[in-house]
Amino acid sequence: MRISLHVNRLGSNKCDGRPIYVTSWNFDKTGSRLVAETTDVDVQCRSVVGDVPYRSRVNSIFFIDPTPFNRRMLEHRLMSQFFQSFRDYELRSTGKWFALAAAIGVVSGVGAIAFQFLGQVVQHFVLTGLTGFQPGEASGEHAYFEHHAGTLIPWAIVAVMAGGGLVSGFLVYTFAPEAEGHGTDAAIDSFHNRRGAVRYRIPIIKTLASAVTLGTGGSAGREGPIAQIGAGFGSFLASQLKLPARDRRILLATGMGAGVGAIFRAPLAGALFAGEILYSDADLEADVIVPSAVSSIVAYCVYSLSLPAHVRFTPLFGLDEQFEFVSLSELVPYTLLAAILTVAGVLYIKTFYGTHKLFQCVPVPKHFRPLIGAAIAGLTGLGLYYAMGKDINALAVLGSGYGTLQEALSSSIDLSVTLLMAVALVKIVTTSMTISSGGSGGVFGPSMVIGGCVGAATGKLFDGWWPNLVSNPEAFAIVGMAGFFAGCARAPFSTILMVTEMTGDYKLLLPTMWVSTLCFLLGARWTLYEKQVPTRLDSPAHRGDFLVDVLEGMCVDDVYNKERNPVTVFEGATLDQIVHNLAETSQRYFPVVDANGGMIGIFSAEDVRGYLYNDEIWDLATASDVMTSRVVTVSPDDDLNTALKRFTALNISELPVVSPSDPQRLVGVLRHKDVIGAYNRRLAEHKSAG
């Protein structure tokens with residue numbers, strides 16, 4: 001591409017011998033950089049008419065007074081127009097998705113770093129500084145601040161959590177109400193119902209509000225906020241480049257995968273998570289996988305660069321011991337574990353959304369509901385702390401809870417079955433109070449703690465009952481993490497990969513797949529993400545795609561009425577005869593036939609109107625004068641998608657159906673409403689069968 005700017009004096013009809021300045025922009029050999037060249041040349045006299053100092057058009061000649069200021073102004077305007085043209089140009093290449101996905105990955109990685117740092121700042125200076133409570137973390141986590149053991153002030157925890165809920169509620173309901181709750185559901189809703197659009201302020205408010213919620217001890221996770229950061233930037237980038245809605249949806253989902261892949265250091269799972277989390281049934285958004293893989297890898301690399309070398313490539317819950325799956329008979333207790341996890345998952349979902357409905361009825365402004373929820377969560381956590389004899393592990397029901405989960409994964413012998421089950425059940429309550437009240441945070445982290453504790457407790461019980469069959473209760477904790485969230489989130493495969501990447505243990509892949517699949521099947525009626533739709537067929541984002549699929553599966557022969565005989569007009573019929581025929585039928589389009597009955601043209605009732613006000617030609621004009629000989633037809637063997645394209649291209653409501661062997665032999669008429677009716681019937685059949 002070459003862009004040239006020719007500068008001459010404006011409004012001059014004389015040749016005064018002054019030089020014109022010619023500025024050219026060219027792409028270099030790589031096609032990635034613009035090179036500017038400016039030369040002075042003498043020209044012959046030119047006459048320029050007009051008062052406008054410049055015109056902004058690409059690949060045109062421009063005239064202007066040759067002063068440096070005006071030249072710079074014109075060059076700036078022209079370059080702006082060039083980049084606008086670049087934004088409007090849709091690149092249909094692999095490079096397009098690689099570049100866009102990489103940019104999203106960079107921003108998501110930086111966003112994950114910022115979010116993690118902000119959360120630790122609030123936690124260090126507010127929660128730990130004022131209460132002496134330092135929530136435990138996973139072994140692969142990096143702390144930005146050194147923590148010194150202090151005196152725990154239990155009741156101060158309630159005050160700090162309530163204050164965090166107040167700040168979070170103020171931020172969310174004042175600036176971005178869509179940022180309430182867990183952000184993943186909002187991103188899913190945007191994909192399906194909002195053409196992938198996300199308001200620019202939402203990721204920022206979500207980051208701040210979630211950092212405050214988590215930093216002050218709220219029971220929430222990190223996946224929701226970071227998913228909205230990535231999704232928000234993906235939507236923003238697509239909007240700035242004026243990409244179509246389909247591309248914006250893909251970039252939004254790509255950002256979700258990038259954020260999850262970075263914050264949990266699970267790039268493979270992040271890539272699959274973006275395509276799987278959108279649907280509640282066994283369906284996948286295939287177009288998202290490749291760009292999401294690129295963005296997830298880039299985000300993971302960017303985030304890892306912020307970590308010290310000794311934990312940079314360590315799994316989040318890095319385990320020293322690798323567990324073995326040694327006997328197929330172990331699948332029996334794992335099957336029982338799947339049933340227990342399903343019950344716990346249903347309880348989690350029912351409590352979560354039941355609490356949300358309850359808070360909707362609380363007669364206080366929305367800004368204050370997160371304060372109430374956080375205070376109740378704090379009191380509940382303290383109640384468990386005292387009930388368990390002031391066991392610090394009981395406070396895993398507050399904050400992330402990763403410290404106790406890490407102990408359940410690596411050394412569950414130090415934790416009793418009672419404590420593990422109590423933490424799991426109370427974590428359901430504190431998470432519901434924190435998030436369902438309007439607080440900001442994700443649900444993946446709490447789900448890991450709940451599932452891991454239920455799994456560890458079940459493993460310890462089975463270890464006492466079947467010591468020869470169950471030797472590692474910790475393995476049940478790993479499998480429980482995956483199975484619980486797979487059932488709740490309706491995302492079995494990405495969850496399997498995420499847990500294996502977070503723990504670094506791939507030897508339990510078989511029981512993990514078995515339990516996750518069972519939980520997915522058993523929990524089919526419930527989902528933690530209400531904005532999911534069952535399949536792509538149910539998503540507004542794919543209505544056009546499945547319109548084509550359904551129509552291509554049906555033929556014209558299946559739809560058009562073979563008993564309806566269209567009224568034809570002989571080519572020699574006069575206009576007077578045609579008008580009388582029009583009065584006797586409701587048909588809108590009239591095929592014109594020759595003496596042998598072959599169709600040679602067609603006209604519509606509207607075509608005749610142009611002749612109605614000229615009585616002199618009524619007996620002179622014939623059907624051959626009114627008709628058009630370029631007839632668009634369909635044959636009985638054509639699919640309905642082909643027919644619909646022809647209806648749309650011509651904006652007509654009827655098409656002649658002709659014999660496949662003889663295009664002039666008319667066999668019937670296909671109506672547009674017949675095609676739509678057939679589509680609706682087939683769609684209804686598909687839904688009832690599903």
Side-chain angles (χ1 to χ4, degrees), residues 116-117 119-154 156-157 160-161 164 211 213-222 263-265 307-308 310-311 314-320 377-378 380-382 384-386 388-416 419-424 426-427 430-431 434 441-442 444-457 474 477-478 480-481 502-504:
Q116 188 79 336
F117 178 76
Q120 290 199 25
V121 166
V122 177
Q123 180 177 294
H124 177 72
F125 291 102
V126 180
L127 183 63
T128 304
L130 298 179
T131 71
F133 174 45
Q134 174 57 43
E137 285 293 349
S139 61
E141 199 71 82
H142 169 58
Y144 290 98
F145 304 96
E146 291 187 7
H147 302 291
H148 302 285
T151 302
L152 181 66
I153 309 174
I157 296 175
V160 168
M161 290 182 64
T213 298
L214 287 165
T216 55
S219 179
R222 299 164 185 161
I263 201 73
F264 295 113
R265 282 180 264 169
L307 303 175
H310 68 281
V311 296
T314 301
L316 189 62
F317 294 98
L319 301 177
D320 297 330
T380 305
L382 285 184
L384 181 64
Y385 171 71
Y386 285 110
M388 290 295 160
K390 297 185 178 180
D391 189 339
I392 195 65
N393 286 307
L395 289 180
V397 298
L398 305 179
S400 68
Y402 283 174
T404 300
L405 177 59
Q406 180 71 65
E407 194 167 346
L409 294 172
S410 56
S411 182
S412 65
I413 193 173
D414 299 327
L415 303 174
S416 67
L419 175 64
L420 288 169
M421 288 303 298
V423 168
V426 177
K427 188 75 172 175
T430 56
T431 302
T434 301
F444 176 78
S447 299
M448 291 294 100
V449 177
I450 297 167
C453 288
V454 170
E474 293 83 1
I478 295 175
M481 290 167 60
M502 289 169 63
T503 59

Sorted by chain and residue number, the side chain to side chain contact (heavy atoms under 4.5 Å, CB included) partners of Ile153 (sequence neighbours excluded) come out as Ala156
Could you tell me if the side chain of Pro135 sits less than 4.5 Å from the side chain of Gln123, heavy atoms only? yes
Flag the pair Gln116 / Tyr144 as yes when at least one side-chain heavy-atom distance between them is below 4.5 Å, and no otherwise.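 Yes, side chains in contact.
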Fit a plane to each ring of Phe145 and His124, take the angle between them on a 0 to 90° scale, and name the class: parallel (under 30°), tilted (30 to 60°) or perpendicular (over 60°). parallel
Let's go through Glu141 and Arg265 carefully: what are the C-alpha distance in whole Å and the side-chain angles of both, what is the deciding distance for side chain to side chain contact (heavy atoms under 4.5 Å, CB included) to 0.1 Å, and is it a yes or a no? CA-CA 10 Å; Glu141 199 71 82; Arg265 282 180 264 169; 4.0 Å; yes
Spacing of [atom1] belonging to [X] relative to [atom2] belonging to [Y], to within rounding of 0.5 Å:
X	Y	atom1	atom2	result
Thr404	Asp391	OG1	CG	8.0 Å
Met481	Leu409	CE	CG	5.5 Å
Met448	Leu316	CE	CG	11.0 Å
Ile392	Leu152	CD1	CG	5.5 Å
Glu407	Leu420	CD	CG	9.0 Å
Leu307	Thr314	CG	OG1	9.0 Å

Residues two or more places apart in sequence or in another chain: which of them pass side-chain hydrogen bond (donor to acceptor under 3.5 Å, both in side chains) with Thr431? Ser219
Indicate the atoms forming the closest heavy-atom contact of [X] with [Y], along with that distance.
X	Y	value
Tyr385	Pro154	CE2-CG, 4.4 Å
Ser400	Gly136	OG-O, 3.9 Å
Leu398	Gly378	CD2-CA, 4.3 Å
Phe125	Leu130	O-CG, 4.4 Å
Val397	Val423	CG1-O, 3.6 Å
Leu419	Ser416	N-OG, 3.1 Å

Return yes if some donor-acceptor pair links the side-chain N/O of Thr503 with the main-chain N/O of Phe317 below 3.5 Å, else return no. no
Can you pull out every salt bridge (charged side-chain N to carboxylate O under 4.0 Å, His left out) where at least one residue sits in residues 126-138? Sequence neighbours excluded, please. Glu137-Arg222
